[in-house]
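Scroll down for the structure; my scribbles are underneath it.
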Amino acid sequence: MLQILVLGSAAGGGVPQWNCNCAICRRARLGDQRVRARTQSSLAVRADEGPWFLLNASPDLRQQITDNPALHPADEKKRGSPIGGVLVTNADIDHIAGLLTLRESEPLSLYATNRVQETLSANRVFHALNPAFVQRKTFTLDLPMPLENAAGEPSGLVVEAFTVPGKVALYLENPKAGPNFGSVPEDTIALRVASAAEDSYFYYIPACAAFPEGLAERLREAPLVCFDGTLWQDDEMIATGVGAKTGKRMGHMSISGEDGTLAAFRPLRVKRKVFVHINNTNPVLIEDSPERAIATGEGWEVAQDGMEIRL
């Protein structure tokens, strides 16, 4: 059995974002019950009663751990954590900044691609993750890997990392490197997370810029896919007056449109579909909006912090 906790369901900045007064952030800040506040994107997963592994470490991680008793230290210990490790899907700030919350000499495994591990190693602030305690491990793409804690003990989880269309993190962009700013395939990965017994599995894809046929075939008839729900439409941030970039420029598909997520998933017969990494401008965050009704009408759920899923 897999147990999944949605620690944070929003994109970078959360809802409400600290400096944003768009209609959705304003309603969330005022306590409108139809627009729930959300922290930044992260999941936690475990198999049976094994250790928890975090899928990305958001800047809100301390609060997310506080809000989820399953991640608290055991009552009989002065120090300790049920968290066995972290899996990072890209080097975006909203997925790595929380690693610094985990710097208090607690044994952990840190999984990422070679590209992301090099990014973390090159930034000395991440040396605060004491190598005597934090074991850095590199994904071999397209190959199932048993997850282990820092002591090398099995977790009951097996993960397969594979690339999806995406973009290098904003702070690593090279404007001289062409239209994709120096992005390479390892910059954005997705995860297939399974129990060691292979009796349950799901996909976690918090960033995805396009939907090639190979990805569609992977996801066909999956029991659960947690997928990038950043924007409803490509020019959403421009239309709402809070930004100048399109979703495509940021490396994200849109939910709506002929080449959007709703259309891409229609023929796949995925049993359960959940939007994660949702931007504060996305109207699906409004529980009684027409956009939420369209999404739910097509079988999608909109993740919220604290949501629990068992497979």
Side-chain angles (χ1 to χ4, degrees), residues 4-18 37-46 51-73 79-113 115-131 133-137 139 147 149-150 155 157 159 161 169-172 187-191 193 204-207 226 228 230 276-280 303-307:
I4 303 161
L5 292 177
V6 177
L7 304 183
S9 50
V15 181
Q17 182 175 302
W18 70 280
R38 287 167 163 83
T39 60
Q40 295 169 86
S41 178
S42 180
L43 300 187
V45 59
R46 69 174 175 176
W52 290 94
F53 279 75
L54 307 182
L55 309 186
N56 291 321
S58 91
D60 299 317
L61 182 56
R62 178 191 170 278
Q63 185 62 46
Q64 292 166 347
I65 291 173
T66 298
D67 289 345
N68 287 274
L71 303 181
H72 294 179
R79 284 281 181 105
S81 172
I83 299 171
V86 185
L87 287 65
V88 177
T89 62
N90 61 26
D92 286 351
I93 289 172
D94 55 325
H95 287 162
I96 64 170
L99 293 172
L100 298 176
T101 299
L102 305 175
R103 68 189 183 277
E104 278 87 9
S105 299
E106 186 67 31
L108 295 164
S109 293
L110 174 56
Y111 288 84
T113 64
R115 169 88 156 176
V116 173
Q117 292 286 22
E118 287 179 347
T119 297
L120 296 174
S121 295
N123 189 328
R124 292 190 60 83
V125 71
F126 289 101
H127 294 194
L129 296 169
N130 187 339
F133 293 91
V134 178
Q135 304 300 309
R136 300 195 183 201
K137 302 185 180 185
F139 288 125
L147 295 184
N149 65 14
S155 66
L157 294 168
V159 67
L170 176 64
Y171 63 94
L172 297 174
D187 283 322
T188 307
I189 62 168
L191 302 173
V193 182
Y204 178 58
I205 310 174
C226 297
D228 183 352
T230 305
V276 295
H277 195 275
I278 307 158
N279 198 59
N280 59 70
Q304 61 194 44
D305 293 17
M307 183 177 184

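Just so it is clear, the structure is predicted and the values come from calculations on it, not from any experiment.
- Remark: the backbone N or O of Asn56 is paired with a side-chain donor or acceptor of Ser42 at under 3.5 angstrom.
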Determine, step by step, whether Leu102 and Leu108 satisfy the side chain to side chain contact (heavy atoms under 4.5 Å, CB included) criterion, reporting the C-alpha distance in whole Å, the side-chain angles of both residues, the deciding distance to 0.1 Å, and the verdict.
CA-CA 9 Å; Leu102 305 175; Leu108 295 164; 3.7 Å; yes
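- Within the 4.5 Å cutoff, no side-chain heavy atoms of Leu170 are placed close to those of Asp92.
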When you look at Ser58 and Gln64, which way does the side-chain hydrogen bond (donor to acceptor under 3.5 Å, both in side chains) test go after all the steps?
CA-CA 9 Å; Ser58 91; Gln64 292 166 347; 3.3 Å; yes
Give the intermediate values and the outcome of side chain to side chain contact (heavy atoms under 4.5 Å, CB included) for residues Phe126 and Ser121.
CA-CA 7 Å; Phe126 289 101; Ser121 295; over 6 Å; no
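- The closest side-chain heavy-atom distance from Leu61 to Thr39 is not below 4.5 Å.
- Here the closest heavy-atom approach between residue Val276 and residue Pro206 is recorded as CG2-CA, 4.2 Å.
- With hydrogens and angles disregarded, a donor-acceptor distance shorter than 3.5 Å links the side chain of Thr230 to the backbone of His277.
- With rounding to the nearest 0.5 angstrom, the SG atom of Cys226 is 9.0 Å from the CD1 atom of Ile205.
- Between Glu106 atom CD and Thr101 atom OG1 the span is 13.5 Å, to the nearest 0.5 Å.
- Closest of all the heavy-atom pairs between Gly12 and Asn279 is O-OD1, 4.4 Å.
- Considering all non-hydrogen atoms of both residues, Val116 and Ala91 come closest at CG2-N, 4.0 Å.
- Of the possible polar contacts, none joining the Ser81 side chain to the Pro73 backbone as a donor-acceptor pair under 3.5 Å is found.
- Exactly one of Leu71, Asp305, Leu55 qualifies for a side-chain contact (heavy atoms from CB on, under 4.5 Å) with Leu7. That residue is Leu71.
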Kindly indicate, with the supporting measurements, whether the criterion side-chain hydrogen bond (donor to acceptor under 3.5 Å, both in side chains) is fulfilled by Gln17 and Asn280.
CA-CA 7 Å; Gln17 182 175 302; Asn280 59 70; 3.0 Å; yes
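- For Ala207 against Thr188, the heavy-atom pair with the smallest separation is O-CG2, 3.7 Å.
- Once rounded to the nearest 0.5 Å, the distance linking CG of Asp228 with CD1 of Ile278 reads 9.5 Å.
- In this structure, the side chains of Ile83 and Ile65 come closer than 4.5 Å at one or more pairs of heavy atoms.
- Checked against Thr119 for a side-chain contact (heavy atoms from CB on, under 4.5 Å), the options Leu172, Thr113, Val88, Ile96 give a single hit: Leu172.
- Looking at Asn68, its side chain never comes within 3.5 Å of a backbone N or O of Ala70 through a donor-acceptor pair.
- Checking side-chain atoms of Gln117 against main-chain N and O of Tyr111 turns up no donor-acceptor pair under 3.5 Å.
- The main-chain N or O of Ile93 is never found under 3.5 Å from a side-chain atom of Tyr171 such that the two would form a donor-acceptor pair.
- A distance of 8.5 Å separates CG in Asn90 from CD1 in Ile189, rounded to the nearest 0.5 Å.
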Begin with the C-alpha distance, continue with both residues' side-chain angles, and end with the deciding distance and a verdict on side chain to side chain contact (heavy atoms under 4.5 Å, CB included) for Leu87 and Phe139.
CA-CA 9 Å; Leu87 287 65; Phe139 288 125; 4.0 Å; yes
Worked verdict on Phe53 versus Val159 for side chain to side chain contact (heavy atoms under 4.5 Å, CB included):
CA-CA 11 Å; Phe53 279 75; Val159 67; over 6 Å; no
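- Counting only distance, with no hydrogens or angles, the side chain of Gln40 and the backbone of Ser9 share no donor-acceptor pair below 3.5 Å.
- Atom-to-atom distance recorded for Arg38:CZ and Asp60:CG is 13.5 Å, nearest 0.5 angstrom.
- Across all non-hydrogen atoms, the minimal contact from Ala11 to Asp94 is C-OD2, 4.1 Å.
- Side-chain atoms of His95 never come within 3.5 Å of backbone atoms of Thr89 as a donor-acceptor pair (strictly under, hydrogens ignored).
- With contacts defined as side-chain heavy-atom distances shorter than 4.5 Å, the pair Leu110/Lys137 does not qualify.
- Between the CG atom of Asn149 and the CH2 atom of Trp52 there is a distance of 16.0 Å, given to the nearest 0.5 Å.
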